[in-house]
Amino acid sequence: EVQLVESGGGLVQAGGSLRLSCAASGFTFDDYAIGWFRQAAGKEREGVSCIRSSDGMTYYLDSVKGRFTISSDNAKNTVYLQMNSLKPEDTAVYYCAAGLITAIQAMGVSNSASYYYWGQGTQVTVSS
């Protein structure tokens, strides 16, 4: 059974930090890229970051570049999203997702349709 389990969300003041974790199981980690998406209330889901664990390739949404860092612990099949200098506009439910590398190459790293498996989401709230 494929599982993606997010953790690490919470409430933080603007300028603070959080680290999200995504523990994956049930599939061959190296065949997939792991992405983080977020969806704020009333807005569309957007791709925040992605990592291809096989070679370390990463992607970041422009608005989080320099503030967020994605990393992967292949031994633990876990991907992390370190979020620093958080802003109120980062408030959203954050989801991790897994997509076959071939699908992501075909449809795009920030396209949610590229990802087949999804976690349940974790709430991140940044207060001003």
Side-chain angles (χ1 to χ4, degrees):
E1 180 186 5
V2 172
Q3 281 194 314
L4 294 171
V5 181
E6 303 102 331
S7 60
L11 173 64
V12 64
Q13 289 188 329
S17 299
L18 284 173
R19 188 177 81 156
L20 305 183
S21 299
C22 174
S25 61
F27 60 92
T28 304
F29 205 56
D30 282 353
D31 291 341
Y32 286 77
I34 306 296
W36 285 98
F37 286 76
R38 67 185 180 187
Q39 188 165 20
K43 295 188 177 181
E44 291 187 356
R45 189 170 297 188
E46 63 178 355
V48 175
S49 185
C50 177
I51 188 166
R52 189 166 63 197
S53 59
S54 59
D55 62 4
M57 178 280 295
T58 58
Y59 157 84
Y60 294 97
L61 182 67
D62 282 348
S63 62
V64 307
K65 285 180 180 176
R67 300 189 298 122
F68 291 10
T69 303
I70 193 168
S71 61
S72 175
D73 184 336
N74 292 357
K76 296 182 178 180
N77 282 7
T78 300
V79 170
Y80 304 97
L81 186 67
Q82 178 67 43
M83 306 186 296
N84 298 329
S85 302
L86 282 161
K87 304 175 181 180
E89 51 264 43
D90 294 318
T91 295
V93 178
Y94 282 70
Y95 301 88
C96 71
L100 282 169
I101 291 171
T102 51
I104 290 169
Q105 289 173 333
M107 293 187 283
V109 67
S110 61
N111 184 351
S112 60
S114 302
Y115 298 82
Y116 190 75
Y117 301 116
W118 290 82
Q120 81 287 353
T122 185
Q123 177 71 46
V124 171
T125 303
V126 185
S127 63
S128 58

Show the nearest heavy-atom pair for residues [X] and [Y], with the distance to one decimal.
{"X": "Ala33", "Y": "Cys50", "answer": "CB-SG, 3.8 Å"}
{"X": "Tyr59", "Y": "Gly47", "answer": "OH-O, 3.9 Å"}
{"X": "Leu4", "Y": "Ala24", "answer": "CD2-CB, 3.5 Å"}

Handout entry: Within residues 13-33 or reaching into it, pairs that qualify as salt bridge (charged side-chain N to carboxylate O under 4.0 Å, His left out) - sequence neighbours excluded
Key =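 For residues 13-33, and leaving out neighbouring residues, there are no salt bridge (charged side-chain N to carboxylate O under 4.0 Å, His left out) pairs at all.
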I need the [X] [atom1] to [Y] [atom2] distance, nearest 0.5 Å.
{"X": "Glu46", "Y": "Ser112", "atom1": "CD", "atom2": "OG", "value": "11.5 Å"}
{"X": "Gln82", "Y": "Leu18", "atom1": "CD", "atom2": "CG", "value": "8.5 Å"}
{"X": "Ser53", "Y": "Met57", "atom1": "OG", "atom2": "CE", "value": "9.5 Å"}
{"X": "Tyr115", "Y": "Ser110", "atom1": "OH", "atom2": "OG", "value": "7.5 Å"}

Can you get from [X] to [Y] by hopping between Ile, Leu, Val, Met, Phe, Trp and Tyr side chains that sit under 4.5 Å apart?
{"X": "Tyr80", "Y": "Met83", "value": "no"}
{"X": "Val109", "Y": "Tyr116", "value": "yes"}
{"X": "Leu11", "Y": "Leu20", "value": "no"}

Practice task
Look at the side chain of Tyr60 and the backbone N and O of Ile70, then say whether any donor-acceptor pair between them is shorter than 3.5 Å.
Solution key: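 Yes; at least one donor-acceptor contact below 3.5 Å.
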Problem - Under 3.5 Å: donor-acceptor pair, side chain of Ser114, backbone of Gly108 - result: yes
Problem - Val2 and Trp118, any side-chain heavy atoms less than 4.5 Å apart - result: no
Practice task
Report yes if the side chains of Phe29 and Ile34 come closer than 4.5 Å at any heavy-atom pair, otherwise no.
Solution key: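 Yes. Closest side-chain heavy atoms under 4.5 Å.
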Problem - Full working for side chain to side chain contact (heavy atoms under 4.5 Å, CB included) between Trp36 and Leu61 - result: CA-CA 10 Å; Trp36 285 98; Leu61 182 67; over 6 Å; no
Handout entry: Intermediate values then yes/no, side chain to side chain contact (heavy atoms under 4.5 Å, CB included), Phe68 and Ser49
Key = CA-CA 8 Å; Phe68 291 10; Ser49 185; 5.8 Å; no
Show every donor-acceptor pair shorter than 3.5 Å between a side-chain atom in residues 89-102 and any protein atom, with sequence neighbours excluded, or say none if there are none.
residue	atom	partner	partner atom	Å
Asp90	OD1	Arg38	NH1	2.9
Asp90	OD1	Arg67	NH2	3.1
Asp90	OD2	Arg67	NH1	2.7
Asp90	OD2	Arg67	NH2	3.4
Asp90	OD2	Lys87	N	2.8
Thr91	OG1	Pro88	O	2.9
Thr91	OG1	Val126	N	2.9
Thr91	OG1	Val126	O	3.4
Tyr94	OH	Arg38	NH1	2.9
Tyr94	OH	Asp90	O	2.6

Practice task
For Phe27 and Asn77, run side chain to side chain contact (heavy atoms under 4.5 Å, CB included): C-alpha distance rounded to whole Å, both residues' side-chain angles, the deciding distance at 0.1 Å, then the answer.
Solution key: CA-CA 10 Å; Phe27 60 92; Asn77 282 7; over 6 Å; no
